[in-house]
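Protein chains get the first letters and strands the later ones, always in sequence-line order, with residue 1 at the start of each.
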Number of protein chains: 4
Amino acid sequence: MSRPKSEEKRNTLLSVAAQVFAKNGLSASTASITSAAGMAEGTLFVYFKGKDELINALYAEIKNDLAETMLFGHPQNGSVQEKLYHVWSNYVDWGAKNPDRLAALHKIKVWEGLKAEVREATAERFCELQSLTESAIANGAVSELPYEFILAVFSAQAETTMQFIKREPHKSDFYKENGFKMFWNGITAKG
Amino acid sequence: MSRPKSEEKRNTLLSVAAQVFAKNGLSASTASITSAAGMAEGTLFVYFKGKDELINALYAEIKNDLAETMLFGHPQNGSVQEKLYHVWSNYVDWGAKNPDRLAALHKIKVWEGLKAEVREATAERFCELQSLTESAIANGAVSELPYEFILAVFSAQAETTMQFIKREPHKSDFYKENGFKMFWNGITAKG
Amino acid sequence: MSRPKSEEKRNTLLSVAAQVFAKNGLSASTASITSAAGMAEGTLFVYFKGKDELINALYAEIKNDLAETMLFGHPQNGSVQEKLYHVWSNYVDWGAKNPDRLAALHKIKVWEGLKAEVREATAERFCELQSLTESAIANGAVSELPYEFILAVFSAQAETTMQFIKREPHKSDFYKENGFKMFWNGITAKG
Amino acid sequence: MSRPKSEEKRNTLLSVAAQVFAKNGLSASTASITSAAGMAEGTLFVYFKGKDELINALYAEIKNDLAETMLFGHPQNGSVQEKLYHVWSNYVDWGAKNPDRLAALHKIKVWEGLKAEVREATAERFCELQSLTESAIANGAVSELPYEFILAVFSAQAETTMQFIKREPHKSDFYKENGFKMFWNGITAKG
DNA sequence: AATGAATGAGCGTTCATTCAT
DNA sequence: GATGAATGAACGCTCATTCAT
């Protein structure tokens with residue numbers, strides 16, 4: 001038997017690709033990725049059918065990582081607000097710790113080659129988050145709003161928060177807390 | 001000078017570029033743009049030094065258009081909330097009417113070649129919006145949040161709203177109103 | 001107006017391609033052709049959509065040239081045998097004078113990328129030759145054989161003759177005459 | 001030595017290579033051959049030093065097979081014409097039964113990488129055919145023609161015949177007989 | 001100013017071959 | 001011997017840009 005495909009090599013490629021794409025855009029050459037990964041140009045094509053597949057795989061991988069991270073250490077007890085804040089906190093912290101992955105994600109999101117199937121498949125990973133949001137709605141949030149919308153606003157607000165934390169890291173806690181407050185008030189206050 | 005450069009041609013190029021970039025990404029060829037514009041390949045370079053300059057110019061043009069549109073018909077009287085809603089409404093309507101320009105904008109925003117100067121220059125066009133936000137803060141919004149943050153959330157929330165209107169156009173009014181409510185509650189409610 | 005496409009450049013490319021393909025096979029790189037033609041790599045793609053189209057065009061061009069050459073100076077009067085010998089002679093002479101084109105032709109004939117349409121289109125150029133053959137048949141040749149078959153044998157025999165002339169140029173006339181005699185006897189003698 | 005090289009594997013490779021080359025040309029990848037043969041990519045290089053050697057070996061193998069087939073069941077008695085017809089018949093039948101090998105052969109014949117030694121070595125296998133032809137000459141064929149030329153015409157005509165049989169299989173006998181008649185008349189008739 | 005042929009650097013991908021397993 | 005991951009040179013082709021017309 002020959003050498004088996006190395007899961008590690010695949011991960012290295014994905015990880016390096018995120019960095020390179022973050023810095024130079026998705027138009028960065030595949031050669032620049034393999035070179036940064038210390039591999040031969042052809043090796044990338046052993047693990048991914050082509051550049052498109054690499055990018056789609058990278059999207060899936062980042063999204064999965066993010067989903068897992070957001071729900072990590074999720075408290076069984078506590079109010080809905082506390083639970084949501086926990087997710088929010090994980091999300092924002094992940095963004096601060098993984099600026100390259102975040103940047104790569106943003107570029108892939110507006111990329112024409114992202115396959116609908118991949119986009120949708122990753123959405124499934126966020127289902128627990130959906131039930132959380134539904135709970136929030138049932139427990140007094142602005143009930144007219146569909147939970148998908150609330151989820152999208154949650155995400156948008158979190159991303160905005162990350163931006164500002166990146167710009168002013170010393171105010172990290174301030175933005176994290178107040179950003180969430182703004183979101184929570186937005187969906188609960190009766191106006 | 002023989003023939004003067006035609007302002008119309010320049011505008012056509014920008015407008016067609018927005019459509020092409022929206023559909024095919026910024027990696028669309030300059031030839032595909034001139035061809036769609038009914039011009040010769042070389043003509044693009046008469047009006048723009050290169051592709052980078054075209055994209056930067058397009059960003060500036062769209063942002064200016066957006067700024068102008070958002071403040072159009074701005075009421076002199078009325079509450080801060082009413083004024084902000086007016087802006088919000090213009091914003092969201094613009095997005096619905098200009099999906100290509102909006103999509104192009106999103107791609108340029110995450111593009112590596114966007115010049116800092118251009119990014120900043122366009123921010124100036126939004127100064128009136130800044131004073132509006134400052135007024136809102138002075139009039140009771142969560143005072144701890146810097147107005148740039150509030151502005152960013154305003155924008156993020158508006159964009160999220162546009163997404164859902166695009167997906168469900170028949171609920172256009174619903175999303176526009178409730179999206180704004182969420183934003184307004186977020187910055188005013190005391191949590 | 002810009003520079004018009006140069007018919008001469010196109011011809012140069014075809015001509016050089018024949019030489020290069022003859023020597024190095026159809027797998028010769030497009031760069032080796034443009035370089036031998038003294039042009040930039042990209043120029044080939046101005047005149048031909050791709051390598052496949054170049055090869056198909058080369059096939060058509062050689063076949064047309066050959067058809068024209070074979071029928072050149074065709075005698076209005078004379079016996080069928082004399083007329084056919086005239087064609088035979090032109091054919092064999094062409095092969096001797098154009099070894100590269102002949103070699104290229106042979107390679108393209110067994111190439112998978114040759115389009116059926118091109119293969120058939122060039123057949124039309126040989127229609128006058130077909131009527132000649134039909135005359136020969138009507139005038140006493142082995143009548144059972146379809147003229148396409150006779151034509152094919154004519155060609156095969158001529159090509160065999162060319163091979164031997166190439167190998168032994170000093171016996172050029174000998175092969176040309178006896179090769180034809182063999183063909184003519186083959187189709188006329190009653191066995 | 002641990003395991004001996006398997007003669008069967010070598011034959012499988014040659015046989016599959018003929019099919020693949022016939023269909024996709026000599027530019028078909030070695031991987032496509034091993035894959036079609038149900039072997040690993042590297043195995044091909046255990047049996048052949050490289051792709052070139054494989055193709056040269058395939059040429060030799062097909063030529064040997066062909067030579068053997070042509071002379072199979074060769075009648076000891078009978079006229080020269082009958083003997084030659086026997087060979088002709090075997091040749092044409094082989095072509096009809098082995099279209100892939102025939103097609104592969106044609107491609108290799110015009111290939112630049114075919115080694116002169118291999119080309120010549122296989123010629124030796126046809127020596128009995130040569131004496132046959134010499135007999136024919138001695139017995140009344142057009143004596144001026146060298147037997148190599150007659151042999152070449154024999155082959156060319158047989159191949160032309162195969163083409164037409166492939167196109168019109170129901171006229172198989174017709175072409176086989178009349179094709180030979182044409183050849184025989186060609187070399188015997190006094191014109 | 002407008003045109004589009006010409007350019008050549010650069011890219012994604014293929015593939016014969018090697019070699020660790 | 002058999003395997004297939006790893007390699008990196010080579011290729012066809014694209015495309016922003018130039019410039020002769």
> Rounded off to whole Å, could you give me the CG-to-P distance for the Leu13(B) and dT3(E) pair?
10 Å
> To the nearest 0.5 angstrom, please state how far the CD1 atom of Ile33(B) sits from the CE atom of Met39(B).
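Nearest 0.5 Å value for the CD1-CE distance: 11.0 Å.
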> Expressed as a whole number of angstroms, how long is the span from Leu44(A):CG to dC11(E):C1'?
13 Å
> Can you tell me how far P of dC15(E) sits from CG of Asn24(D), to the nearest Å?
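Checked: the CG to P distance equals 11 Å.
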> Return yes if some donor-acceptor pair links the side-chain N/O of Lys107(A) with the main-chain N/O of Ala22(A) below 3.5 Å, else return no.
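At least one qualifying donor-acceptor pair exists.
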> For the side chain of Tyr47(C) and the backbone of Ser6(C), is there at least one donor-acceptor N/O pair under 3.5 Å apart?
yes
> Could you tell me the separation between the CD1 atom of Ile33(D) and the P atom of dG4(F), rounded to a whole number of Å?
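Distance check: Ile33(D) CD1 to dG4(F) P gives 17 Å.
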> Is it true that Thr69(C) and Asp65(C) share a donor-acceptor pair across their side chains at a distance under 3.5 Å?
yes
> Enter the distance from Phe21(D):CZ to Leu14(D):CG here, rounded to the nearest 0.5 Å.
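Nearest 0.5 Å value for the CZ-CG distance: 9.5 Å.
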> For Glu61(C), give me all partners under side chain to side chain donor-acceptor pair (under 3.5 Å), at least two apart in sequence or on another chain.
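Only Arg101(C) meet the side chain to side chain donor-acceptor pair (under 3.5 Å) criterion with Glu61(C).
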> For Glu53(A) and dT14(E), what is the distance between atoms CD and P respectively, to the nearest whole Å?
12 Å
> Between dA5(E) atom P and Arg10(C) atom CZ, what is the distance in whole Å?
14 Å
> Reading nucleotides 6-13 of chain F 5' to 3', which nucleotides get B (base under 4.0 Å from a protein heavy atom), which S (sugar-phosphate only), which -?
SBB--SSB
> Can you tell me if Asn56(B) uses its side chain to pair, donor with acceptor, with the backbone of Lys115(B) under 3.5 Å?
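Confirmed, Asn56(B) side chain pairs with Lys115(B) backbone.
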> Which whole-number value in Å describes the distance from Phe48(A) CZ to dG12(E) P?
15 Å
> Would you check if the side chain of Lys5(A) reaches a backbone N or O of Val46(A) as a donor-acceptor pair within less than 3.5 Å?
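Side chain of Lys5(A) to backbone of Val46(A): a pair is present.
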> In this structure, which stretches of DNA chain E are paired as stems of three or more consecutive Watson-Crick or G-U pairs, both distances less than 3.5 Å?
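As far as DNA chain E goes, consecutive pairing (with distances under 3.5 Å) yields the stems E:2-21 with F:2-21.
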> In this structure, how many angstroms lie between the C1' atom of dA16(F) and the CG atom of Asn56(B), rounded?
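These atoms are roughly 16 Å apart.
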> Are there more than 12 heavy atoms of other residues, nucleotides or ligands under 6.0 Å from atom NZ of Lys109(D)?
yes
